[in-house]
Enquirer: 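Sharing a structure with you now.
Both backbone and side-chain heavy atoms feed into the values below; hydrogens, waters and symmetry mates do not. Read the numbers this way: they start at 1 and go in the same order the structure lists the ligands and their atoms.
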Amino acid sequence: MVSIGLTTRLTNHQKHILKTLEKLDAPISAQDLHVQMRCIYKKLGLATVYRGLEVLKLHGLVQSRTAINGTSLYTLASKHQHYFTCLQCGNFIDIQACPVCQLEAELEQSLSFKVFYHNLEFFGLCVLCQDSGS
Ligand SMILES: [Zn+2]
Ligand SMILES: [Zn+2]
């Protein structure tokens, strides 16, 4: 997935961000990622983590989505995942199906645009919140 030429241009911090994201099942905020990385890089600043994530995003290696509390959550761009988010409790569940992949391929063709990732999200009330509310 990651070409050798590209990997050598990344800083150690950026490579470590990729490794950490690879091990995680769920999307993570820059803050939480920072806490995890501080175990190894004691003096690492949060700004470095943010900058690293942005660089990796520009390389098409990392994707982000915005949680309902406004926090950006990061995953590897290669992890193709969509979500249903409950507006009341904030719980989210993975959606396996994706109707957009075909469209993405077509856009790459017709616009000569290099697509790294896409976001597709559904919002509403989960089963529990439907029962407790209204
Ligand atoms: Zn809910
Ligand atoms: Zn998709």
Enquirer: Do V49 and L24 share a hydrophobic cluster (ILVMFWY, side-chain heavy atoms under 4.5 Å, transitive)?
Expert: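 In one cluster: yes.
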
Enquirer: Taking both backbone and side-chain atoms into account, decide whether C101 has an N/O/S atom under 2.8 Å from the Zn ion (ligand 2).
Expert: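 No, since none of the N, O or S atoms of C101 sits under 2.8 Å from the Zn ion (ligand 2).
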
Enquirer: With the Zn ion (ligand 2) at the center, what angle do SG from C98 and NE2 from H82 span, rounded to 10 degrees?
Expert: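 C98 SG and H82 NE2 form an angle of 110° at the Zn ion (ligand 2).
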
Enquirer: Test your reading of the model: is there a side-chain donor-acceptor pair from H34 to the backbone of Y50, 3.5 Å cut-off?
Expert: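 Not confirmed, H34 side chain does not pair with Y50 backbone.
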
Enquirer: Would you call the rings of H80 and H118 parallel, tilted or perpendicular, where under 30° means parallel and over 60° means perpendicular?
Expert: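 The rings of H80 and H118 stand perpendicular, inter-plane angle above 60°.
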
Enquirer: In degrees, rounded to 10 degrees, what angle do C86 atom SG and C89 atom SG make at the Zn ion (ligand 1)?
Expert: 110°

Enquirer: How wide is the angle at the Zn ion (ligand 1) spanned by C126 SG and C129 SG, rounded to 10 degrees?
Expert: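 The two atoms form an angle at the metal of about 110°.
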
Enquirer: Donor-acceptor check, side chain of S110 to backbone of E106, threshold 3.5 angstrom: yes or no?
Expert: yes

